Amino acid sequence: MTFIATMRACSGRAVVSHSGDLMADALDLSVYAKPAGKGTLGMELAVDGIACGACIGRIENAVKSVPGVAEARLNFTNRRLHVIWADGSLQPAQILQALEANGYRGHPFVPLRAEKEELAEARRLTRCLAVAGFAAMNIMLLSVSIWSGSVTDITPETRDFFHWVSALIALPAAAYAGRPFFASAWRALRARSLNMDVPISLGVILALAMSLVETANHAEHAYFDSAVMLLFFLLIGRTLDHAMRRKTRAVAGNLAALKADTAHRIVGEELVSVPVAALKAGDRLLVKPGERVPADGVVLNGASEVDESLITGETSRRKIGAGATIYAGSVNYSGALTLKVTVSNGAALIDEIEKLLEKAASAKSRAMRLADRASRIYAPVVHVTAGLTLVGWLIAGAGIHQAVVTAIAVLIITCPCALALAIPAVQVVASGTLFRTGIILNAGDAIERLARIDTVVFDKTGTLTLPEPSVVNGSSLQPLLLQKAARLALSSRHPLAVALSREAAVRTPVAGAMEEPGRGVRAIIEGVEARLGSADFCDVSTVSTSNASTICFRHGEDFGVIEIAQSLRPDAINVVTSLRERGLDLRILSGDHVDAVASVAHALGIRHWEAGLKPAEKIARIEGWKANGHCVLMVGDGLNDAPSLAAAHVSLSPISATAVTQAQADAVFMGDNLKPVLDAIVVASRARMLMTENLWLAALYNAVAVPIAIAGAVTPLIAALAMSGSSLLVTLNALRTKGRRA
Amino acid sequence: MNVLIYLVPMALGLGLAGLFAFLWALKERAIQ
């Protein structure tokens with residue numbers, strides 16, 4: 001808290017005059033600066049006050065103009081700014097000052113705080129929405145009375161009374177519910193720039209002020225209803241948009257959870273538990289069975305199997321012995337290992353992936369969203385139109401009062417209700433449709449990006465194939481024998497046995513089953529000994545006919561050799577064919593070995609594939625295609641895929657993927673089928689079409705309504721009808737996204 | 001006209017009651 005207090009003092013208006021305080025702030029901030037290699041320091045800042053895509057360039061340029069800053073990248077989705085500067089060239093407080101001078105406020109990023117702020121923002125928007133909704137409904141009731149009274153027998157006193165009651169509701173409600181717009185507009189104006197909230201705020205404030213004056217003068221028309229309804233519609237759009245965006249999860253926290261917290265360091269003859277952060281290259285560690293490996297290293301002695309699926313995406317466990325290299329984050333499966341740490345904390349493979357990930361993620365967010373592009377043109381156009389209306393009427397000889405009233409009417413009628421609803425409405429409906437097909441969106445704008453892709457890149461293991469291996473020769477075995485073997489397999493933790501056990505119809509283990517480590521499991525079934533395990537253990541001679549792993553079973557005289565392998569997702573061939581028919585370029589980038597990838601690529605008819613790739617190589621391939629103008633969809637599940645998911649234009653990942661990978665993917669799909677990938681692409685192209693249609697509808701509305709407003713013919717009734725009508729129209733159009741699937 | 005003196009505050013009062021109920025529910029995290 002002390003820190004935050006100092007930050008506020010620093011970022012307050014008196015920064016320059018209190019330059020003496022800067023040293024103290026700089027000292028505090030330096031705690032958050034981390035070495036970023038080659039004599040540079042880096043810092044992550046959460047930035048307040050980002051309203052639209054145009055802010056990205058403004059913020060990055062402002063920070064880059066600080067002498068000494070080497071790089072500034074803003075992630076629009078999570079509002080984080082990554083700054084790198086040459087060590088000693090500047091005080092970190094200067095970066096905050098540069099942001100402040102442009103109307104933004106930066107805080108060193110602390111994950112928990114960012115999440116809290118997001119939640120607080122969501123609640124604030126909902127409260128504003130509720131207040132605006134209440135006010136709009138009540139004022140509309142009064143307005144309808146006035147409008148209907150105008151054509152019948154309302155007395156001027158009753159009309160004035162209703163206007164005053166409307167004012168009583170509208171003024172406090174607008175002051176409360178309009179804050180998100182007013183604050184953002186004020187920040188933009190202070191930085192001498194315009195954003196979409198400036199015309200909105202101006203329209204609302206002017207409409208309320210004018211209505212108050214008109215009411216005091218016993219005039220026939222007041223615009224309280226328009227002003228509050230405007231806020232209500234805009235808040236719906238903004239709340240939907242915020243809710244979509246909030247779903248994107250912070251990656252860093254998840255990655256941290258994957259790392260082991262403590263390690264057993266061998267000091268002389270003793271074993272000491274130490275925090276992972278304290279490990280140094282050269283330390284000797286003991287990793288017990290079932291534990292996560294705390295650091296990259298080389299095995300000194302011991303033999304075991306390790307599960308590296310989180311790191312490499314390779315699901316079959318790797319047998320390792322003395323001399324083998326082992327990575328942090330893998331799980332030690334069967335035996336105790338002594339290892340020597342080769343790289344210190346912060347340089348392990350998992351940290352490397354984390355860094356690649358963050359860099360790729362911030363690069364992606366630079367793609368500007370459709371709504372932002374539209375709003376960028378919007379604000380200046382509205383101001384110029386309203387200004388010209390004012391000047392035009394004055395030149396035409398109208399009085400000041402009439403000219404101002406008409407100009408305000410133009411501002412109100414052009415306020416972007418339809419525009420603000422056009423895209424979030426389609427996104428929400430499309431994400432609902434996708435949800436029903438088993439796809440959960442992580443990023444609100446994923447739909448827009450999905451619609452533009454021309455290349456689909458698949459990872460192999462866990463993406464094209466099912467995440468877990470399964471029995472492949474079940475049909476050639478006696479059903480009864482397979483059932484006995486599967487039931488016996490329930491008593492073993494060996495990966496092949498685990499895969500076999502999924503075939504068991506009866507899910508209770510055989511009583512009295514004994515596991516012999518490294519050999520197999522045995523039990524008495526129907527009075528006869530049954531064995532499941534290696535060929536030796538079961539006294540069976542096997543001849544391997546395929547790439548599949550084998551596990552043997554013997555029950556008295558009966559025996560069988562069960563083959564277990566990765567199998568393709570059930571509909572993979574159909575989906576790949578459909579994707580190809582849509583004209584998409586299909587590719588496989590895998591970390592797995594050549595033979596495994598080749599057989600899958602052959603089965604699916606995918607001609608372009610590469611095997612044995614490291615995360616950085618996958619990114620390089622994707623970046624290469626992007627540089628050639630392709631829009632790439634990456635589908636992957638391993639931790640090693642996370643950076644390439646972030647690097648691609650848009651990414652999908654199966655629900656079986658690691659938490660980090662899921663957090664990085666723009667959408668996650670459920671189930672064993674690959675069809676959601678096709679569904680996502682189909683729904684997204686339709687949604688994008690509807691978004692464009694909606695933007696055109698909004699433009700059309702303006703084309704009709706603006707001339708009427710400029711002509712001075714807009715009464716509050718017309719404004720209310722036009723605004724509700726256009727909002728309703730875009731919402732209904734958005735509903736057409738529903739129910740369309742491949 | 002006279003009847004409005006009662007009806008308008010009553011209508012607004014009911015509306016406000018609804019609004020406060022919603023805000024209270026939001027505060028108590030009954031609505032996410």
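Remember, it's a predicted structure, so these values are computed and weren't measured experimentally. Chain letters run A, B, ... following the sequence lines, proteins first, then strands; residues in each count from 1.
Within the 4.5 angstrom heavy-atom criterion, no atom of Leu141(A) approaches chain B. Using a 4.5 Å cut-off between heavy atoms, Leu12(B) contacts chain A through both its backbone and its side chain.
Each of Thr126(A), Val131(A), Leu129(A) was evaluated against Phe22(B); a single residue qualifies, Thr126(A), per the side chain to side chain contact (heavy atoms under 4.5 Å, CB included) test.
When every heavy atom of Phe161(A) is checked against every heavy atom of Val8(B), the shortest pair comes out as CE2-CG2, 4.1 Å. Here the closest heavy-atom approach between residue Ala130(A) and residue Leu23(B) is recorded as CB-CD2, 4.3 Å.
Note: Arg127(A) CZ to Leu19(B) CG = 11.5 Å, rounded to the nearest 0.5 Å.
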